[in-house]
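Single-structure report; data block below.
Just so we're on the same page: letters track the sequence lines, and every chain starts at 1. Since this is a predicted model, take the numbers as computed values, not measurements.
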Amino acid sequence: MSEEKSLHFLEEIVEKDLSTGKHTSIHTRFPPEPNGYLHIGHAKSICLNFGLADKYGGKTNLRFDDTNPVTEDTEYVESIKADVRWLGFDWEEEHYASDYFDQIYVLAISLIKKGLAYVEDMTAEEIAASKGTPTEPGRESQARSRTVEENLSLFTAMKEGKYNDGEKVLRAKIDMSSPNMHMRDPIMYRIKKTSHHRTGDTWCIYPMYDFAHGQSDSIEHITHSICTLEFEVHRPLYNWYVEQLGTFPSTQYEFARLNLTYTVMSKRKLLQLVQEKLVDGWDDPRMPTISGLRRRGFTPLSIRNFCERIGVQRRENIIDVGLLEFCIREDLNKVALRRMVVLDPIKLIITNYPDGSTDILKGENNPELEDNGGYRDMPFTKELWIESEDFQEVPQKKWFRLAPDMKVRLKSAYIVHCTGFKKDETGKVVEVHCEYIPESKSGQDTSGINVKGTIHWISAEHALDAEVRLYDRLFQAEDPSDEEGDFKLNMNPNSLEIIPTAKIEPSLKDAKPGDQFQFIRKGYFTLDSKFTTEDKLVFNRTVTLKDAWAKMTSR
RNA sequence: UGCCUGAUAGUAUAAUGGUAGUACGACAGAUUUUGGUUCUGUUUGUCUUGGUUCGAAUCCAGGUCGGGCAACCA
């Protein structure tokens with residue numbers, strides 16, 4: 001019995017196109033502009049485009065939409081390729097709109113020859129003014145009446161650099177009174193005497209998105225050109241170029257972009273955070289970028305699962321970041337090695353344990369794996385570090401950790417009975433005193449004692465120091481862009497907490513950047529790839545564990 | 001007050017004229033050497049008004065509310 005998985009609207013379109021013979025196979029593309037780093041919203045588009053082709057035996061190209069030399073850079077090209085690969089996708093062909101500049105130029109010439117494009121002399125301001133408004137029609141430009149020959153020679157002169165930026169543009173001759181603003185003689189080419197990251201100074205005229213994008217799709221025989229909803233009103237123009245030029249009829253389809261609670265997703269805003277140094281670069285672990293999520297400890301699988309779960313539709317949405325957290329916990333629970341780390345240490349002294357003696361205990365690597373994923377050694381001694389929050393001088397109700405006269409299990413070790421504690425001058429508890437129960441050793445417990453609480457610990461003598469970085473949401477508002485004023489006013493001042501000297505168990509010293517761990521009872525962590533050095537380990541918290549106790553006490 | 005577009009639990013997403021279901025969340029319980037995991041149960045929904053129909057979330061008409069569109073950006 002196979003559960004019928006329902007199709008989303010794009011899958012339905014593809015199945016229909018395939019069954020009606022409109023297409024015998026499909027070809028999609030992921031078309032980023034290399035002017036920034038990819039974020040989780042792009043991941044949705046990547047999963048969609050590659051996923052669709054995968055599912056229906058088609059192909060997907062990676063194409064850089066590099067038609068604006070002012071904002072683009074090879075740094076971005078490289079990061080985008082790395083991110084797509086890291087997510088687990090391999091493109092069929094790698095292309096650049098700039099590789100098509102010759103072909104696109106020829107197409108422009110042919111539109112001029114058909115009398116469907118003309119060279120404009122007006123300034124940007126004048127053009128904008130003559131375009132009218134959404135409710136009022138625009139005015140036709142005098143340049144509209146130029147002859148084909150005149151347009152041809154003017155356009156050639158543009159290409160040859162005879163004019164400066166802004167002096168001339170090439171416009172499509174469509175309809176200045178169209179209810180769709182994009183059809184009011186849109187600009188096809190503008191002059192930019194800026195070096196392009198790939199074509200250098202070969203060109204000084206560059207095609208606009210609407211002209212270049214659709215025609216690039218046609219050149220690559222893209223069957224389904226998938227983009228986000230804001231391009232919906234561009235579709236008539238996209239189709240107009242295809243029809244007038246008789247090029248391959250790629251078809252544009254739109255879906256709703258991803259929004260996530262407590263973060264921003266626009267490249268412009270993310271760039272601001274980077275430039276104003278409000279975060280530590282594009283790959284800051286708090287950023288919703290692919291590189292940030294990677295450094296934070298997210299896995300490609302968790303992101304792909306997330307994209308699968310959120311679905312694809314045409315309605316505006318804002319996804320609860322809790323779903324992303326669920327997806328990473330779901331994955332990491334199955335693969336992350338369990339380790340003991342004490343973030344805020346106090347001493348636990350086992351008064352009836354022999355001085356100078358060391359017991360080597362076995363700790364399971366991961367209870368979710370077969371044979372617990374194997375075991376690592378954990379030295380046990382008289383003096384241990386435990387989490388200060390695991391002791392309460394006066395226990396609140398339902399407390400089942402340490403408190404005077406209470407018993408807890410030390411994970412993978414013994415049950416201990418609290419006999420006392422010591423405070424410093426300020427009244428802060430600095431030592432907890434316990435007696436251990438020798439017959440309660442983990443795995444061979446004959447004590448018959450049942451305890452409710454289990455806590456983590458590290459031998460003080462063997463513990464190592466490491467820096468641990470705890471991250472929280474970057475913004476305090478669910479939808480920072482929706483708030484009054486500058487979105488940056490909504491930043492969470494406590495989105496990063498650095499613990500300079502956490503106590504970590506010895507086996508962690510061989511961790512490699514990117515390794516993933518569950519620090520028992522604390523959360524999932526990964527070794528940071530940027531700040532870790534020979535003699536200093538830096539761990540990033542990917543996500544906390546679900547914490548029923550914290551939830552209960554916060555009520 | 002033009003054009004395009006959308007509206008199903010808190011958030012997403014199914015049901016394609018025939019029992020409104022699923023996931024995340026929330027709540028309750030069981031299991032647990034992680035207050036984790038796992039398991040069980042509960043909770044909450046078709047924007048509105050008409051119409052067509054034996055039957056409407058679905059089709060039709062009007063309304064309401066949301067998003068997008070007037071860069072030589074993509």
Side-chain angles (χ1 to χ4, degrees), chain A residues 5-8 12 31-33 35 65-68 70-72 120 122-124 127-129 131-138 165-171 178-184 187-192 205-206 208-210 212-213 227-236 254 256 261 267-268 309-327 329-330 333-334 338 340 364 367-368 398-401 408-413 415 440 442-443 445 450-456 478 518-523 544-553:
Chain A
K5 174 92 171 62
S6 58
L7 304 176
H8 61 66
E12 283 181 359
E33 183 190 13
N35 68 346
D65 228 337
D66 54 351
T67 55
N68 184 358
V70 177
T71 54
E72 296 155 6
E120 175 65 81
M122 285 198 281
T123 63
I127 292 175
K131 259 195 175 166
T133 68
T135 52
E136 302 160 43
D165 292 18
E167 281 188 57
K168 298 265 187 281
V169 289
L170 182 71
R171 289 231 252 175
S178 168
N180 183 337
M181 297 295 289
H182 295 278
M183 299 299 274
R184 322 245 263 228
I187 292 168
M188 295 171 62
Y189 266 93
R190 77 290 213 190
I191 300 167
K192 277 185 191 288
I205 57 171
Y206 292 91
M208 297 286 289
Y209 166 83
D210 286 298
H213 192 96
C227 62
T228 46
L229 239 29
E230 67 268 24
F231 291 102
E232 204 167 357
V233 285
H234 294 244
R235 197 192 325 138
E254 310 88 15
T261 53
K267 262 190 204 171
R268 203 193 92 244
R309 279 168 186 271
I310 59 176
V312 182
Q313 253 308 337
R314 284 172 63 83
R315 44 178 173 257
E316 293 296 325
N317 59 79
I318 181 159
I319 309 281
D320 190 334
V321 71
L323 182 61
L324 219 208
E325 292 175 353
F326 168 83
C327 290
R329 287 192 189 105
E330 180 188 44
N333 177 48
K334 287 182 277 193
R338 311 292 132 119
M340 300 222 236
E364 53 195 29
E368 304 293 319
K398 290 214 176 164
W399 176 260
F400 34 87
R401 279 118 97 157
V408 291
R409 156 82 57 189
L410 297 176
K411 175 77 179 168
S412 302
I415 291 173
S440 67
S442 188
D445 186 347
N450 279 317
V451 292
K452 273 193 170 160
T454 301
I455 66 172
H456 58 285
E478 267 208 6
Q518 183 196 102
F519 292 174
I520 291 176
R521 302 209 300 139
K522 292 275 106 184
T544 60
L545 255 25
K546 278 214 281 194
D547 190 344
W549 170 250
K551 191 181 280 180
M552 201 170 101
T553 53

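Using a 4.0 Å heavy-atom distance criterion, A/Ile318 is classed as a sugar-phosphate-only contact. If you check every strand for non-hydrogen atoms under 4.0 Å, A/Lys334 touches nothing. Residue A/Phe231 is classed as a base contact, given a heavy-atom separation below 4.0 Å to a base. Nucleic acid contact class of A/Glu136 (heavy atoms, under 4.0 Å, all strands): none. Looking at heavy-atom distances under 4.0 Å, A/Pro367 makes contact with a base.
The CG-P distance, from A/Leu229 to B/rG67, rounds to 13 Å in whole Å. The interatomic distance linking A/Asp547 (CG) with B/rU34 (C1') rounds to 11 Å, in whole Å. Going from atom CG of A/Asp65 over to atom C1' of B/rA74 covers 7 Å, rounded to whole Å. Between A/Asn333 atom CG and B/rC39 atom C1' the separation is 14 Å, expressed in whole Å. For A/Met183 and B/rC3, the CE to C1' distance is 12 Å, given to the nearest whole Å. If you take CG of A/Asn317 and C1' of B/rA12, they are 7 Å apart, rounded to a whole angstrom. We find that NE2 of A/His456 is positioned 18 Å from C1' of B/rU32, with the value rounded to whole Å. We find that CG of A/Leu410 is positioned 13 Å from P of B/rU34, with the value rounded to whole Å.
Proximity of A/Gln313 to the phosphate of B/rA14: a side-chain N or O atom is located under 4.0 Å from OP1 or OP2. A sub-4.0 Å separation between OP1 or OP2 of B/rA7 and a side-chain N or O of A/Arg314 is absent. The side chain of A/Lys551 contributes an N or O atom lying less than 4.0 Å from OP1 or OP2 of B/rA26.
Comparing the C1' positions of B/rU64 and B/rU49 gives a spacing of 10 Å, expressed to the nearest Å. Taking atom P in both B/rA30 and B/rG36, one finds a spacing of 13 Å when rounded to whole Å. When the C1' atom is compared between B/rA70 and B/rC3, the two are found 12 Å apart, to the nearest whole Å. Rounded to the nearest Å, the gap between the C1' atom of B/rU38 and that of B/rU32 is 9 Å. Across B/rG6 and B/rU42, the matching P atoms stand 36 Å from one another, rounded to whole Å. Remark: the separation of the C1' atoms in B/rA56 and B/rU1 is 33 Å, to the nearest Å.
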Task: Trace of the side chain to side chain contact (heavy atoms under 4.5 Å, CB included) decision for A/Asn317 with A/Ile310 - done: CA-CA 10 Å; A/Asn317 59 79; A/Ile310 59 176; over 6 Å; no
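The aromatic ring of A/Tyr209 is not stacked on the base of B/rA74, since the criterion of ring centres less than 5.5 Å apart with planes inclined by under 30° is not met.
Comparing A/Thr135 and A/Ser442 against RNA chain B, the residue whose closest nucleotide sits nearer the 5' end is A/Thr135. Mapped onto RNA chain B by nearest heavy atom, A/Val312 and A/Gly453 fall at different nucleotides, with A/Val312 at the one closer to the 5' end.
Between the side chain of A/Arg338 and the base of B/rU34, at least one donor-acceptor pair of N or O atoms lies under 3.5 Å. Judged by distance alone, with hydrogens and angles left aside, A/Arg401 brings a side-chain donor or acceptor within reach of the base of B/rG35, the pair sitting under 3.5 Å. For A/Glu368 against B/rG36, a side-chain N or O and a base N or O form a donor-acceptor pair under 3.5 Å. Residue-to-nucleotide contacts include no donor-acceptor pair under 3.5 Å from the side chain of A/Arg521 to the base of B/rU34. The base of B/rU34 lies close enough to the side chain of A/Gln518 for a donor and an acceptor atom to sit less than 3.5 Å apart.
Taking 4.5 Å as the limit, every side-chain heavy atom of A/Met208 sits out of range of all side-chain heavy atoms of A/Val169. Counting heavy atoms from C-beta on, the side chains of A/Glu368 and A/Gln518 never come closer than 4.5 Å.
Note: A/Ile191 CD1 to A/Lys168 NZ = 8.0 Å, rounded to the nearest 0.5 Å. A distance of 8.0 Å separates CG in A/Leu170 from CD1 in A/Ile205, rounded to the nearest 0.5 Å. Residue A/Arg171 holds its CZ atom at 6.5 Å from CD1 of A/Ile187, rounded to the nearest 0.5 Å. How far CE of A/Met181 is from NZ of A/Lys131: 6.5 Å, rounded to the nearest 0.5 Å.
The backbone N or O of A/Glu230 sits nowhere less than 3.5 Å from a side-chain atom of A/Thr228 that would complete a donor-acceptor pair. A donor-acceptor contact shorter than 3.5 Å links the side chain of A/Thr261 to the backbone of A/Val321. Remark: side-chain polar atoms of A/Glu136 are not paired, donor with acceptor, to backbone N or O of A/Gly132 under 3.5 angstrom. Side-chain atoms of A/Arg190 do not come within 3.5 Å of backbone N or O of A/Asp165 as any donor-acceptor pair. Between the side chain of A/Arg521 and the main chain of A/Asp547, no donor-acceptor pair closer than 3.5 Å is present. A/Arg314 places a side-chain N or O within 3.5 Å of a backbone atom of A/Glu254 that can act as its donor or acceptor partner.
Considering only the side chain of A/Arg315, B/rA7 comes nearest among B/rG36, B/rA7, B/rG35. Of the candidates B/rU37, B/rU34, B/rU11, B/rU34 carries the atom nearest the A/Ile520 side chain, counting heavy atoms from C-beta on.
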For RNA chain B, the expected dot-bracket line (Watson-Crick or G-U under 3.5 Å, [ ] crossing, | inter-strand) is .((((((..((((....[..)))).(((((.......)))))....(((((..]....))))))))))).....
Is there any protein nitrogen or oxygen under 3.5 Å from a nitrogen or oxygen in nucleotides 69-72 of chain B, and what are the pairs?
unit_1, atom_1, unit_2, atom_2, d
B/rC69, O2', A/His182, NE2, 3.0
B/rC72, N4, A/Met122, O, 3.1
B/rC72, N4, A/Ala124, N, 3.2
B/rC72, N4, A/Gly166, O, 2.8

Which protein N or O atoms sit under 3.5 Å from an N or O of nucleotides 21-24 of chain B?
unit_1, atom_1, unit_2, atom_2, d
B/rA23, O2', A/Arg309, NH1, 2.7

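Using a 30° and 60° split on the angle between ring planes, A/His182 and A/His234 fall in the tilted class, from 30° to 60°.
Under a 4.0 Å N-O distance rule, the pair A/Lys546/A/Glu325 does not qualify as a salt bridge.
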